[in-house]
Amino acid sequence: MYQEPDPLNSPVDCGDGVIWLRPEYQGRQGELVTLAAGARLVGVSAAAVSNWQNRYPKEFPPLALLTGPPHKRTKWAVAVELVAFARDQRTRERDRSGPRNPQRPGAEIAAEQAAHYEEVLRTLTEREQRQKKALGRTRSAKRAAEQKLTRARARLTAEVDAVIRLGIPAARTTTTEEIHQ
């Protein structure tokens with residue numbers, strides 16, 4: 001976010017991507033902190049500091065220094081000012097007592113949950129019934145297939161035995177036991 005420069009302390013462009021917005025801090029860089037490092041210092045996310053800067057442009061501590069290329073500037077603020085602002089924000093957040101929206105009664109929430117789970121149970125019971133019917137059809141089809149396999153094996157065994165009894169030499173190489181394996 002762009003901050004209006006202080007008319008008493010106009011920005012000083014030192015070249016190499018360094019712009020002093022508050023020249024009184026030149027030579028006092030130890031008192032400055034990047035906004036990201038300041039976020040870590042006060043125990044919040046960098047996004048929280050960025051939000052503070054956007055929401056409270058007049059109250060947020062003025063930036064002291066910009067470094068880096070124009071498309072990706074690193075913003076520097078005075079550490080003690082940023083810590084004081086963060087402390088004020090925390091106090092402000094604590095002062096907002098009470099819920100913002102009225103709470104729903106617990107009985108209403110419980111009734112909705114009960115209705116939801118009754119619907120889930122009904123759906124699962126219907127699915128179970130459909131699956132039972134499908135399983136019954138599958139078992140019936142399996143029994144029919146087993147019966148057909150048993151009849152087909154019996155017929156094959158009878159055919160092979162008949163060929164062996166007739167004495168056909170090619171048939172003697174295959175026995176009934178080998179067929180069933």
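Positions are given from 1 along the sequence. Fair warning: this is a prediction, and the values are worked out from it, not measured in the lab.
Although no hydrogens or angles enter the test, the distance criterion places no donor-acceptor pair under 3.5 Å between the side chain of S50 and the main chain of A46. Without hydrogens or angle criteria, R73 side chain to G68 main chain gives a donor-acceptor distance under 3.5 Å. For R22 (side chain) and L65 (main-chain N/O), no donor-acceptor pair under 3.5 Å exists by modelled atom type.
A distance of 9.5 Å separates CD in E81 from CD in E31, rounded to the nearest 0.5 Å. Between R55 atom CZ and Q89 atom CD the span is 9.0 Å, to the nearest 0.5 Å. E128 contributes atom CD, which lies 9.5 Å from atom CG of L121 (distance to the nearest 0.5 angstrom). Distance CG/L41 to CG/L35: 12.0 Å, rounded to 0.5 Å. To the nearest 0.5 Å, the span separating CZ on R87 from CZ on R90 amounts to 11.0 Å. Between atom CZ of residue R139 and atom CD of residue E146 there is a gap of 12.0 Å, rounded to the nearest 0.5 Å.
Considering only heavy atoms from C-beta on, L21 stays 4.5 Å or farther from W76 through its side chain. Within the 4.5 Å cutoff, no side-chain heavy atoms of N54 are placed close to those of F60. Two residues are said to be in side-chain contact when any heavy atoms from C-beta on lie closer than 4.5 Å; T123 and T125 fail this criterion. Between V120 and H116 the shortest side-chain heavy-atom distance falls below 4.5 Å.
The heavy-atom pair separating V33 from G38 by the smallest distance is CG2-N, 3.5 Å.
When the shell of 6.0 Å around CZ of R155 is examined, it contains 12 or fewer heavy atoms from other residues, nucleotides or ligands.
Here R122 does not pair with E118 in a salt bridge; the nearest charged N to carboxylate O distance is not below 4.0 Å.
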side-chain contact (heavy atoms from CB on, under 4.5 Å) assessment of T74 paired with L66
CA-CA 6 Å; T74 301; L66 298 175; over 6 Å; no

Please walk me through it: do V42 and F85 pass side-chain contact (heavy atoms from CB on, under 4.5 Å)?
CA-CA 10 Å; V42 299; F85 180 82; over 6 Å; no

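A cation-pi arrangement is present between R28 and Y25, with the terminal nitrogen or guanidinium carbon under 6.0 Å from the aromatic centre and inside a 45° cone about the axis.
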